[in-house]
Trainee: 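Sharing a structure here in structure tokens format.
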Amino acid sequence: MARPLKEGLDYFPLDIDFDQDDKLVVPIAKYGMQGLGVIVKIMMNIYRNGYFYPWEEREHYALSSKVNVDINTVVEVVNECINWGFFNRNVYENHKVLTSRGFQKRYIEAAKRRKDLTIFEGFLLIDPAEECKKVFHSLSIIGPDNSIVNVYINPERAGKISTESTQSKVKESKGKETKVKEIDIEPEEVVVPPNPFRMFEAEGFGTISSVISDQIKDFIADYGERWVCEALRTSVIAGKRNLSYVRAILKRWKSDGIDDPWTQEKPPPPTGYKGPYGGKSGKQQIEIYKPPLNEPTPEELAEHEKAMAALKAKKEAAERELKEKRDRGEDINR
């Protein structure tokens, strides 16, 4: 008997700062550790199922029993997550299912080596033509009647035989004889697109966690890779290496109606900056202000010498008094 195909995952990554996601700040702040426990348990159910989790009355009671939290609190936590975009509102309202673009992307990344990957058309939140480039075989979209609506095949895998080498061997049979003919194939020119993820780490923004990865992916989905790269570069020049500043730049460009930010005149780099201009660390250097030293006047010198002499005399008097007490055998620690 053939073994059934596995849909869900055995484990999933949980970064130490996942609770810092903008979409989870309010739910966790309102419901504390109970809310955090409910969210993590739902994430486990989503990845156990693949990339989604049905959310109706039966699941309400089942989850409430498993985490030992009142059912009303469980429902309120999930509703708060939907309101803040942690779960997609449209998919939930139309299909009573909890999922998001981030869940679907991470599922495909974790299961990319499987022979068959499927996603229901009604739950689809990703671009299958783009995501199929990550899988080793194919990505199928399933319709409401469980029929295959479309199949997306990794273009690199589809042409693997013809692109792995600049020469391919073609067998030609003539009766009982077999000849091998070598055909020269010109290699295609490879154009490397801008990569915001690589630039994020190369320019010293920090390490990419799953939360940061999702934020960058949202930027790319809303503005495009080249816009995001240009915003990262502008942030580096300004000495502001954080995604909040990048988000503000992207919003400002969009509100100003700038079509191609990379064609705009760049501001001059700050003093000491050596990032894109030849430096190694890419960090902004801060100049330390050193006040000028003024020569003291004769009067100031005389006043200083007088004060030092007074301190010396006071110290000598204290030492004499201490010596006299010791000679008399008095307790000097009182």
Side-chain angles (χ1 to χ4, degrees), residues 8-28 36 39-40 42-53 81-82 84-88 91 98-114 117 119 123-136 139 152 154 156 192-236 240-251 254 282:
L9 305 178
D10 292 323
Y11 65 91
F12 67 97
L14 188 65
D15 290 322
I16 58 174
D17 57 349
F18 94 100
D19 58 328
Q20 302 302 313
D21 189 338
D22 293 342
K23 301 170 184 177
L24 290 179
V25 171
V26 174
I28 294 177
L36 181 62
I39 293 168
V40 172
I42 291 177
M43 292 173 66
M44 293 168 61
N45 290 334
I46 288 176
Y47 288 120
R48 182 181 294 113
N49 203 39
Y51 57 90
F52 69 94
Y53 181 57
C81 290
I82 293 172
W84 286 95
F86 187 70
F87 302 123
N88 186 271
V91 175
L98 300 179
T99 187
S100 71
R101 183 170 60 182
F103 284 117
Q104 295 180 13
K105 283 177 171 287
R106 284 188 288 273
Y107 167 70
I108 290 176
E109 178 64 27
K112 62 185 178 182
R113 292 180 178 273
R114 294 183 183 174
L117 281 177
I119 292 185
F123 305 167
L124 189 63
L125 296 172
I126 58 173
D127 181 3
E130 184 66 26
E131 293 300 319
C132 75
K133 298 176 183 178
K134 302 176 182 178
V135 304
F136 277 59
L139 176 62
Y152 295 86
N154 186 332
E156 294 182 0
V192 180
N195 190 316
F197 299 95
R198 200 176 296 125
M199 186 175 183
F200 182 92
E201 293 187 331
E203 291 292 353
F205 281 82
T207 303
I208 297 180
S209 64
S210 64
V211 174
I212 292 176
S213 177
D214 286 344
Q215 292 183 35
I216 296 176
K217 289 175 183 177
D218 289 340
F219 289 165
I220 295 173
D222 294 337
Y223 301 98
E225 288 187 337
R226 192 165 183 184
W227 270 55
V228 176
C229 285
E230 192 65 26
L232 290 170
R233 186 177 295 109
T234 303
S235 299
V236 171
K240 306 285 187 180
R241 290 176 172 80
N242 60 78
L243 289 184
S244 298
Y245 193 81
V246 173
R247 183 186 295 107
I249 292 174
L250 292 169
K251 288 183 177 179
K254 189 172 183 179

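Position 1 is the first residue of the sequence; numbering continues from there.
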Trainee: Tell me whether Arg106 forms a cation-pi arrangement with Phe103, defined as NZ or CZ under 6.0 Å from the six-membered ring centre and within 45 degrees of its axis.
Mentor: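 Yes.
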Trainee: Only counting residues at least two apart or in another chain, list the ones meeting salt bridge (Lys or Arg N to Asp or Glu O under 4.0 Å) with Asp21.
Mentor: none
Trainee: Check the surroundings of atom NZ in Lys254: do more than 12 heavy atoms from other residues, nucleotides or ligands lie under 6.0 Å from it?
Mentor: no
Trainee: Only pairs under 3.5 Å count here: list side-chain donor-acceptor contacts from residues 242-250, not counting sequence neighbours, and write none if there are none.
Mentor:
residue, atom, partner, partner atom, Å
Asn242, OD1, Ser244, N, 3.3
Asn242, OD1, Tyr245, N, 2.8

Trainee: How close do Asp15 and Val211 get, counting heavy atoms only, and between which atoms?
Mentor: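 That closest heavy-atom pairing would be OD2-N, 4.1 Å.
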Trainee: I need the Glu109 CD to Ser213 OG distance, nearest 0.5 Å.
Mentor: 9.0 Å
Trainee: To the closest 0.5 Å, what do you measure between CD1 (Ile208) and CZ (Arg198)?
Mentor: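 Result: 10.0 Å between the selected atoms.
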Trainee: To the nearest 0.5 Å, how far apart are OH in Tyr107 and CD1 in Ile119?
Mentor: 7.5 Å
Trainee: Please report the shortest heavy-atom distance between Gln104 and Leu125, naming the atom on each side.
Mentor: OE1-N, 3.0 Å
Trainee: So which heavy atom on Gly102 is nearest to which on Asp214, and how close?
Mentor: CA-OD1, 4.4 Å
Trainee: Does a side-chain heavy-atom distance below 4.5 Å link Ile46 with Phe12?
Mentor: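 Heavy-atom side-chain distance check fails, nothing below 4.5 Å.
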Trainee: For Tyr51 and Thr99, which heavy atoms make the closest approach, and how far apart are they?
Mentor: O-OG1, 2.7 Å
Trainee: Given Val228, which partner from the list Asp222, Asp218, Ile220 fulfils the side-chain contact (heavy atoms from CB on, under 4.5 Å) test?
Mentor: Ile220
Trainee: How far apart are the C-alpha atoms of Leu98 and Asn45, what are their side-chain angles, what is the distance that settles it, and do they pass the side-chain contact (heavy atoms from CB on, under 4.5 Å) test?
Mentor: CA-CA 10 Å; Leu98 300 179; Asn45 290 334; over 6 Å; no
Trainee: Could you walk me through whether Phe86 and Ser100 pass the side-chain contact (heavy atoms from CB on, under 4.5 Å) check?
Mentor: CA-CA 7 Å; Phe86 187 70; Ser100 71; over 6 Å; no
Trainee: At their closest point, which heavy atom of Trp84 faces which heavy atom of Pro27, and how far apart are they?
Mentor: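 Minimum heavy-atom separation between Trp84 and Pro27: CD1-CD, 4.2 Å.
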Trainee: Apply side-chain contact (heavy atoms from CB on, under 4.5 Å) to the pair Leu36 and Phe18, showing each step before the final yes or no.
Mentor: CA-CA 11 Å; Leu36 181 62; Phe18 94 100; 3.5 Å; yes
Trainee: Calculate, to the nearest 0.5 Å, the distance between atoms CG and CZ belonging to Asp127 and Arg101 respectively.
Mentor: 10.0 Å
Trainee: To the nearest 0.5 angstrom, please state how far the CZ atom of Phe197 sits from the SG atom of Cys229.
Mentor: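 Those atoms lie 10.0 Å apart.
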Trainee: Do you know the tightest heavy-atom contact between Thr207 and Glu201?
Mentor: CA-OE2, 4.2 Å
Trainee: Rounded to the nearest 0.5 Å, what's the gap from OG on Ser235 to CD on Glu230? Could you check?
Mentor: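 Result: 10.0 Å between the selected atoms.
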Trainee: Take Met44 and Tyr53 through the side-chain contact (heavy atoms from CB on, under 4.5 Å) test and state the conclusion after the steps.
Mentor: CA-CA 9 Å; Met44 293 168 61; Tyr53 181 57; over 6 Å; no
Trainee: Which residues satisfy the salt bridge (Lys or Arg N to Asp or Glu O under 4.0 Å) test with Lys133, sequence neighbours excluded?
Mentor: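 Testing Lys133 for salt bridge (Lys or Arg N to Asp or Glu O under 4.0 Å), a comparison that skips the adjacent residues, returns Glu130.
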